[in-house]
Amino acid sequence: MTTDVMLTADTVGQRRENLYFALRNPKVLIGLTIVVGLALLGVIGPFFLSATPNEYIGPKSEAPSADHWLGTTYFGQDVFTQFVHGLRSSYLVGSLGGLIAFVIGMSVGFTAGYRGGLVDEFLNMLTNVVLVLPALAVLIVISSYLEVRGVISQAVIIGLFSWPWVARAVRAQTFTLRNRDYVDLAKLTGKRPGQIIMREIMPNMASYLLMSVILLFGGAILFAAMLDFIGMGPSNSVSLGSMMQQAMAWSSLHLGLWWWFVPPGAAITLIVGGLYITNVGLDEVFNPKLREK
Amino acid sequence: MGRYFRRKLLIYGVTFFIAVTINFAIPRLMPGDPVARMLTRNKVANVESSEAMRVYFTDLFGLDVPLWQQYLNYWAALFKGDLGVSVFAFPSPVTSIILDALPYTLGLLLPSILLSWFVGNSLGAVAARSKWLDNTALPASYLLTAVPYMWLAILLAWVGGVILGWFPVAGGYSFALRPSFTWVFIVDLFHHWVLPFLSLFLVALGGWAIGMRNLVIYELESDYSNYLQALGAPRRLVRRYAFRNAMLPQISGLALQLGVVVGGALVTEVVFAYPGLGSLLLNAIQNQDFFLLQGILLFIVIGVLLFNFLADVVYVLVDPRTRLGLEGGVS
């Protein structure tokens, strides 16, 4: 019983230590500030804006001013309103799509790595096949057949095609962990495979899993933006990608309406860049070798 | 080596099979009847002519036979190079339309992929050496990898095309010219090529630089590097060994990255209205031209598979371990 107490104290201590270094790592702080800040803008912002994103509210093609912070579109829609709503849908697609990809990738990776044998052969083949498929082209073709496209369905199809590299990495890690003594011990005590994976193997790669969630999140946002830009985005809603599509379609380049196409792309760059920077910072937090520099 | 290639070929074969099957299945599994959709698009009010068109389209799609036979017919047509007839450029066959657009996409993709790989890797290797370069090049690289392809393309078109007026903003060549082998046309072609190329090149550059930097640093910390240094080997030599070892994952990374770069090329072409597969894809979507859409997907898949195979061959040439059937290069 005493060892048990000591063990839990140990893990809590380690968690505290990681948190301690995470909160003092400038990269993590900068990255998280950007990502969380824009997320808050997207979540809270719409409540303070009276107009709906596609409403024609003001003068046409007006430059940014106190009334319209990011100016208006060619049709007199408020760019800032669209931007805030677009942020919201970007985060929604990113988190949902990333989560779906993560769950699939993790299940495939753990099953393949832990079971081995024929199951592994099959799952590995599946992973390699999806890995080679050019995801965006497949996504475009699938979306073009959907009659009604929503944020949810977009997130689902993005998730279905972006998991392979996670599965690959998790499988490789599981291979190295599954023959450790403590896993054998757990097997001897009669734990079920699911339990062993959850309790014995997963905690040992928690840091890695956290980092892949972050990368998947960013990847899903980029994918969604590209789909929206092609015109395969959710019907009847505004997203950062569809803002850029509209801006291009109504020749904002030649009219000089830079406030229409610069903010949405800049937001995506900031979010994804912020996620990458957070990831590098977390790498330093979890890997003490990188920390002392 | 034989085992390595057999395995790879098997994977590519299965991928091709699955891609073709997806291509076949999507229009038939998706909710909604493609024939009905074609009819509504043509806005036929007359019942009789509507019925005639239904029969015509059902026959054209080959939907009047059982599903398994449709599937076999699909494969048979595929091997004859017959991908159907385009709706948007009726009556040209899909294959010829795609073959017309293909050179433009390849002309963008190949140089940007190879150059960004080469420059990015050199940059990363140098950055791993110098603290100053590391502090400037690394943040810039992260920013570049986070940029959505189309946004960089839009910015380049805006700055280089509209504000500065140095480059044309749209098209593959001036409308006043006809494609021909004259100097005027080639210069014009190059002029239109610069901006799309640049945007693809820049986005890919960052990723390679970051990857190479991390790999070189990792290699420099490994045992053989330490050993060489302890023996008093010159730093240049150690660096060179590290660089050559770090090269291997980057070669397989090249193949993995390809799908992403192809996607990027598609949206970049849309921004610049560049007459390659991307613009064709957009046309196909806007005109609900499903034969064309599927044909493009199939061409992209075949291209990606071919390129992957090439990367495998290069890998075997570069890494002697795969040739001797030792470790390394396991799929």
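Proteins get letters first, then strands, A, B, ... in listed order; numbering begins at 1 in each.
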Side chain, backbone, both or neither: which part of [X] has a non-hydrogen atom closer than 4.5 Å to chain A?
X: B/L155; answer: side chain
X: B/F16; answer: neither
X: B/V271; answer: both
X: B/I18; answer: side chain
X: B/L143; answer: both

Below 4.5 Å, heavy-atom pairs only: which of [options] has the largest tally toward chain A?
options: B/I300, B/I285, B/V270; value: B/I285
options: B/L282, B/V304, B/I154, B/V301; value: B/I154
options: B/P148, B/G259, B/A157, B/G264; value: B/P148
options: B/L144, B/L10, B/T145; value: B/T145

(message) Closer than 3.5 angstrom, by distance alone: can the side chain of A/S252 be matched with the main-chain N or O of A/A247 as a donor-acceptor pair?
(response) yes

Report which part of [X] has an atom under 4.5 Å of a heavy atom belonging to chain B: side chain, backbone, both, or neither.
X: A/M226; answer: both
X: A/V262; answer: both
X: A/I221; answer: neither

(request) Under the side-chain contact (heavy atoms from CB on, under 4.5 Å) rule, what do A/S95 and A/F217 come out as? Steps first, then yes or no, please. (result) CA-CA 6 Å; A/S95 44; A/F217 180 51; 3.8 Å; yes

(request) Say whether B/D312 and B/Y12, considering side chains only, have a donor N or O and an acceptor N or O under 3.5 Å apart. (result) yes

(request) Would you please say whether a donor-acceptor pair under 3.5 Å links the side chains of A/Q154 and A/D228? (result) yes

(message) If you take the centroid of each ring, where Trp contributes its six-membered ring, are B/W158 and A/F261 closer together than 6.0 Å?
(response) yes

Counting heavy-atom pairs under 4.5 Å to chain B, which of [options] comes out on top?
options: A/L136, A/T269, A/V132; result: A/T269
options: A/A266, A/A135, A/A137, A/G218; result: A/A266
options: A/V141, A/I271, A/I277, A/L131; result: A/V141

(message) Working note: B/F272 + B/S279, criterion side-chain contact (heavy atoms from CB on, under 4.5 Å); need CA distance, chi angles, decisive distance, verdict.
(response) CA-CA 9 Å; B/F272 289 100; B/S279 303; over 6 Å; no

(message) Set out, in order, the CA-CA distance, both residues' side-chain angles and the distance that settles side-chain contact (heavy atoms from CB on, under 4.5 Å) for A/W250 and A/W260, then state yes or no.
(response) CA-CA 10 Å; A/W250 301 102; A/W260 196 358; 4.0 Å; yes

(request) Write down the atom of B/L293, the atom of A/S144, and the distance for their closest heavy-atom approach. (result) CD2-OG, 2.9 Å

(request) Report yes if some heavy atom in the side chain of B/P249 is under 4.5 Å from a heavy atom in the side chain of B/L215; otherwise report no. (result) yes

(message) A/I230 vs B/V267, test: side-chain contact (heavy atoms from CB on, under 4.5 Å). Steps then yes/no.
(response) CA-CA 7 Å; A/I230 295 269; B/V267 290; 3.8 Å; yes

